[in-house]
Amino acid sequence: MEATGATAEQTWTVGEVALLTRLSVRTLHHYDDIGLLRPGARTEAGYRLYTPADLARLWRVLSYRELGFSLAEIARVLEAPPGGEVAALRTQVALLQEKQRRTQTTLDAALAYLRAAERGQGVPTMTNAELKDIFDGFDPAEHEAEAQERWGDTDAYRQSARRTSRYTRADWETVKAEMNAIYARYLALMRAGTPPDSAQAKAVAADHRAHISARYYDASPEMMRGLAQMWVADERFTGNIDRAGERLAAYSSAAVLAWAEGLRSQDAGSGAR
C-alpha cells in the first residue's frame with residue numbers, strides 16, 4: 001500500500017504498531033480519536049500509517065502512562081512548552097516518591113503489628129511524640145486544648161476525635177502522604193502561574209475538602225471557608241503549611257475560598273430558578 005503524506009520514510013500499519021507495543025488496535029484508534037496520537041500518514045485507501053515521529057510520541061505516551069499520568073494530563077504535557085513538561089514531571093516524581101515512602105512505611109508498620117500480634121501484645125498505639133515525628137515537628141498536643149475550647153461542643157470535633165483515636169502510625173503516615181500530594185498539586189499550579197480561582201485550583205480545593213471529610217470530619221463548604229481563612233490569619237498555621245512551599249498557605253486559602261464561593265453562587269442560582 002502506498003502512503004500519502006510520508007513517502008520518504010518507513011511507516012507502520014495500526015496492526016503492526018499494536019504488535020510492537022502490545023496495545024490493542026482499539027486503544028490506538030482511541031488515541032487517534034482524542035487527538036493524543038494521530039498517525040502522520042494514510043494509505044490511498046485512508047488506512048492509518050504511523051511514522052517514526054509517531055512512534056517516538058507513542059513511546060512518550062506510554063512512558064507517562066507508566067508514571068501514572070491520565071490521558072488528559074499526558075495530552076497537556078505533550079503540548080506544553082519544555083518548562084511545563086519539566087514542572088509536570090517534577091510533581092509526578094514527588095508524588096511517586098511519596099507513594100514509595102508510604103508503601104514502605106505501611107509495610108514496616110504491618111511487619112511491626114505482625115510481630116506484636118505473634119507475641120500476643122496487640123496493635124501498638126500512637127504517642128504524641130510519634131505524631132510529632134510524622135508531621136515534621138507539628139505537635140497535635142500543643143493545640144488540643146485550644147481546639148477543644150473552640151470546637152469541643154461541635155459534631156465535627158467529636159467526629160474527628162472518634163476517627164483519629166483509632167488511627168495507627170500507618171494511618172497517620174497515609175494521612176500525611178495524602179495531604180502532601182494535595183500540597184504538591186497546589187504548588188505545581190502556583191509555580192505555573194495558574195490563578196487560585198481557576199478551574200484547576202478549585203478542583204484541588206474540592207479534593208482537599210474530600211480529604212478532610214474522609215480523614216477527620218464531614219467538612220461543609222462553610223467550614224472549609226473558615227479553615228481557609230484561619231490558614232492565613234493564624235501565623236502558626238501559615239508557618240506550618242508554608243513548610244511545604246513558600247506562599248502555599250495563601251494560595252491554598254484563596255483556592256478554597258474561590259471553590260466555596262463557586263458553590264455558593266451555584267446554590268443561589270439554583271434557588272432563583
Side-chain angles (χ1 to χ4, degrees), residues 1-104 177-178 180-207 244-246 248 251 255:
M1 292 182 292
E2 185 176 348
T4 61
T7 57
E9 60 185 353
Q10 182 180 1
T11 57
W12 293 262
T13 67
V14 66
E16 289 170 337
V17 173
L19 288 174
L20 283 171
T21 61
R22 297 185 180 180
L23 294 173
S24 68
V25 170
R26 182 178 180 180
T27 295
L28 291 169
H29 286 178
H30 178 61
Y31 288 177
D32 185 4
D33 291 340
I34 64 175
L36 184 61
L37 180 68
R38 296 194 186 281
R42 295 272 179 171
T43 68
E44 291 183 350
Y47 292 104
R48 296 171 174 86
L49 289 176
Y50 293 83
T51 67
D54 297 330
L55 294 190
R57 182 179 174 93
L58 178 56
W59 178 83
R60 293 174 72 195
V61 170
L62 298 179
S63 297
Y64 283 124
R65 286 294 280 167
E66 187 67 23
L67 289 173
F69 283 76
S70 69
L71 293 181
E73 289 169 334
I74 293 172
R76 287 195 294 270
V77 168
L78 293 182
E79 300 305 322
E85 183 169 0
V86 169
L89 282 170
R90 283 176 177 163
T91 299
Q92 196 68 8
V93 166
L95 293 175
L96 289 170
Q97 288 174 333
E98 189 64 36
K99 182 178 179 180
Q100 180 184 46
R101 188 183 68 81
R102 185 170 73 244
T103 299
Q104 185 60 54
E178 291 173 352
N180 283 345
I182 291 171
Y183 282 163
R185 292 169 62 194
Y186 278 133
L187 286 170
L189 292 173
M190 181 178 70
R191 290 167 180 168
T194 306
D197 60 351
S198 66
Q200 299 98 310
K202 287 192 283 189
V204 180
D207 289 343
E246 188 178 359
L248 174 60
Y251 187 87

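Nothing here was measured: the structure is a model prediction, and the numbers come from that model.
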[atom1]/[X] to [atom2]/[Y] distance, rounded to the nearest 0.5 angstrom?
X	Y	atom1	atom2	answer
Leu55	Trp12	CG	CH2	5.0 Å
Gln10	Glu16	CD	CD	8.0 Å
Leu248	Leu187	CG	CG	4.5 Å
Leu62	Leu37	CG	CG	9.0 Å
Arg26	His29	CZ	NE2	11.5 Å
Asp207	Arg185	CG	CZ	4.5 Å

Can you see which heavy atom on [X] is nearest to which on [Y], and at what distance?
X	Y	answer
Tyr251	Tyr186	CE2-O, 3.6 Å
Arg57	Leu36	NE-O, 2.7 Å
Leu49	Arg42	CD1-C, 4.0 Å
Ala205	Ala255	CB-O, 3.7 Å
Arg38	Asp33	NH2-O, 4.2 Å
Ala201	Pro195	CB-O, 3.7 Å

Residue among Asp32, Thr43, Asp54 satisfying side-chain hydrogen bond (donor to acceptor under 3.5 Å, both in side chains) with Arg48: Asp32
Determine whether Tyr50 and Leu58 make a side-chain contact, defined as any pair of heavy atoms from C-beta on separated by less than 4.5 Å.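 The answer is no; the side chains never approach within 4.5 Å.
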Criterion side chain to side chain contact (heavy atoms under 4.5 Å, CB included) on Val17 and Leu23, from CA distance to verdict: CA-CA 8 Å; Val17 173; Leu23 294 173; 5.9 Å; no
Under a 4.0 Å N-O cut-off, is there an ion pair linking Glu79 with Arg60? no
Side chain to side chain contact (heavy atoms under 4.5 Å, CB included) assessment of Thr21 paired with Trp59: CA-CA 9 Å; Thr21 61; Trp59 178 83; over 6 Å; no
